[in-house]
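Sequence lines set the chain letters: A, B, ... in the order given, protein chains first and strands last, and positions in each chain run from 1.
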There are 2 protein chains.
Amino acid sequence: MESPAQAGTAGPASPRRRRVGREERERQILGAAVAVFAERGYANASMDAVAERVGVTKPVLYTHFGSKEGLLLACVAQARTELLDVTSAAAAAAAGPEEMLRLGTRAFFTFLDERAAAFSLLYSEASIAADAVEGIRAQQTDFIAALLGAAAPDADTRRLQGWAQVIVGACERLAVWRAQDRRVTVDDATEYLMDLAWTGLRDRASGADRASGTLSG
Amino acid sequence: MESPAQAGTAGPASPRRRRVGREERERQILGAAVAVFAERGYANASMDAVAERVGVTKPVLYTHFGSKEGLLLACVAQARTELLDVTSAAAAAAAGPEEMLRLGTRAFFTFLDERAAAFSLLYSEASIAADAVEGIRAQQTDFIAALLGAAAPDADTRRLQGWAQVIVGACERLAVWRAQDRRVTVDDATEYLMDLAWTGLRDRASGADRASGTLSG
DNA sequence: GGCATCAATCTACCCGTGGTAACTTACCGT
DNA sequence: ACGGTAAGTTACCACGGGTAGATTGATGCC
């Protein structure tokens with residue numbers, strides 16, 4: 001109800017309105033959005049809250065990202081790029097299939113460790129950005145399938161894809177588990193993945209159990 | 001805008017308002033909710049839509065389930081019970097660790113196949129019911145860890161939990177993959193899981209690659 | 001330096017949807 | 001029959017996503 005000419009909310013040092021370039025503003029908004037979405041959850045995060053954090057008002061967000069979901073998608077897209085960079089760099093440094101699997105897995109866990117906000121975006125708000133997150137998984141799956149194909153040339157494409165799905169799913173779950181129980185280190189998680197994916201339980205199952213050897217027909 | 005005394009929507013045989021017992025009504029609502037949530041997605045599903053499908057009005061849903069989220073949680077809880085029933089029954093029929101892993105995995109995929117709506121609830125709306133779905137995973141993880149403990153008595157508890165996380169994560173991912181590509185059968189998915197979890201990639205990686213044997217230090 | 005121009009930004013608003021208060025009515029026991 | 005109670009309804013509020021139109025700050029032109 002105040003006269004708009006006054007607008008005397010508070011800002012003493014702020015000349016009431018600062019104009020900022022497009023790229024800069026979008027970076028600011030993305031950063032604020034990741035933070036707000038991560039700490040309040042997508043559903044409970046209001047656009048006003050994101051806007052306030054940036055220091056602007058709601059319509060600004062809409063001119064840049066179109067909708068609330070668009071904003072979330074932009075956040076996810078950013079995380080996607082970073083994730084592929086990190087894991088492919090790790091795999092490139094490996095000298096053989098086992099090390100590739102180990103270093104790539106390790107890089108994944110480390111990335112999520114360092115980027116806690118991105119983590120909660122990807123694995124807590126998955127249902128809203130379902131398609132985008134599936135896109136990330138497809139990216140990782142294709143990448144891993146290609147690596148596996150080099151290590152096991154006699155396996156057909158479908159099987160390679162299936163193995164990659166197993167690894168991606170296992171890593172996701174281990175990551176969430178680690179977030180719940182901080183005593184599980186990156187190396188622990190990597191080791192457990194290697195136990196199954198590389199070694200296989202057959203070698204770890206004791207013969208103490210009935211007939212464990214006679215069943216593998 | 002019609003006079004409420006007429007209520008002439010359609011129902012010729014319906015005496016304008018039928019009273020239904022509590023249990024029966026809750027069953028109806030749960031069924032409608034699963035369907036509506038699955039086909040429109042939780043965020044885009046309105047309580048009015050669920051109510052209309054049941055043939056009642058909104059407040060009825062609230063007297064029974066308290067909130068929209070409460071309704072979703074009830075759906076998830078129901079799926080949880082059924083899932084444990086199905087997988088534990090399958091494992092109980094197995095004669096050894098390998099068969100247990102195989103039959104349990106197979107039962108999981110089959111269950112999701114038959115209950116497509118429950119599937120999309122559990123793996124598409126995960127972020128809203130995050131805690132509840134995590135509870136389901138914990139249930140499955142504990143169950144699998146117990147089975148693994150019998151097969152590998154010399155593995156410590158943490159490692160068993162880690163292995164169980166790997167298996168649960170891998171199965172989830174394989175299930176989603178199957179939903180996207182229907183050419184992947186239940187047996188395919190089960191086999192790919194067994195390739196890694198039971199056999200291990202080491203046995204499938206050809207020696208053609210450089211130094212695959214010399215790195216396992 | 002002064003002014004036109006354009007885009008960035010704000011104010012004020014709409015409307016769909018989750019959620020609730022208060023009234024009504026069908027069924028059940030007596 | 002008849003009252004009590006639980007099942008249902010209508011009518012409403014509030015909050016948050018999304019938008020139209022006024023506003024203002026930087027930029028270039030003279």
Distance in angstrom units between [X] [atom1] and [N] [atom2], rounded:
X: A/Asp48; N: D/dG17; atom1: CG; atom2: P; value: 7 Å
X: A/Tyr62; N: D/dG21; atom1: OH; atom2: P; value: 19 Å
X: B/Phe65; N: C/dG18; atom1: CZ; atom2: C1'; value: 17 Å
X: B/His64; N: C/dT20; atom1: NE2; atom2: P; value: 15 Å
X: A/Asn44; N: D/dG16; atom1: CG; atom2: P; value: 9 Å
X: A/Glu52; N: C/dC10; atom1: CD; atom2: P; value: 12 Å
X: B/Lys68; N: C/dT20; atom1: NZ; atom2: C1'; value: 17 Å
X: B/Phe37; N: C/dT17; atom1: CZ; atom2: P; value: 14 Å

Practice item. Classify the nucleic acid contact of A/Ala51 as base, sugar-phosphate or nothing, counting any heavy atom under 4.0 Å across all strands shown. Key: nothing
Practice item. Give one of base, sugar-phosphate or nothing for B/Thr63, where a contact means two heavy atoms less than 4.0 Å apart. Key: nothing
Atom [atom1] of [X]: over 12 foreign heavy atoms under 6.0 Å:
X: A/Glu52; atom1: CD; answer: no
X: B/Arg183; atom1: CZ; answer: no
X: B/Glu23; atom1: CD; answer: no

Looking at [N], I'd like to know if its phosphate oxygens (OP1 or OP2) sit under 4.0 Å from a side-chain N or O belonging to [X].
X: B/Arg22; N: D/dA7; result: yes
X: B/Thr57; N: D/dT9; result: yes
X: B/Arg25; N: D/dA6; result: no

Distances under 3.5 Å only, N/O to N/O: pair up the protein atoms with those of nucleotides 13-15 of chain D.
none

Check your understanding: Hey, is A/Arg159 close enough to B/Glu191 for a salt bridge, meaning N to O under 4.0 Å?
Key -> yes
Review point. Are any of the side-chain nitrogens in A/Glu24 or A/Arg27 under 4.0 Å away from the carboxylate oxygens of its partner?
Key: yes
Review point. Taking the six-membered ring of A/Tyr42, is NZ or CZ of A/Lys68 closer than 6.0 Å to its centre and within 45° of its axis?
Key: yes
**Study point:** Check: B/Lys58 side chain, C/dG19 base, donor-acceptor under 3.5 Å
**Key:** yes
Review point. Where the side chain of B/Met47 is defined as all heavy atoms beyond and including C-beta, which of D/dG18, C/dG18, C/dA21 is the nearest nucleotide?
Key: C/dG18
Revision key, fill the gap. Between B/Pro59 and B/Gly21, the residue closer to the 5' end of DNA chain D by nearest nucleotide is B/Gly21
Exercise for review: Could you give me the CA-CA distance, side-chain angles and deciding distance for B/Asp181 and A/Gln161, then say whether side chain to side chain donor-acceptor pair (under 3.5 Å) is met?
Suggested key: CA-CA 11 Å; B/Asp181 184 349; A/Gln161 282 283 327; over 6 Å; no
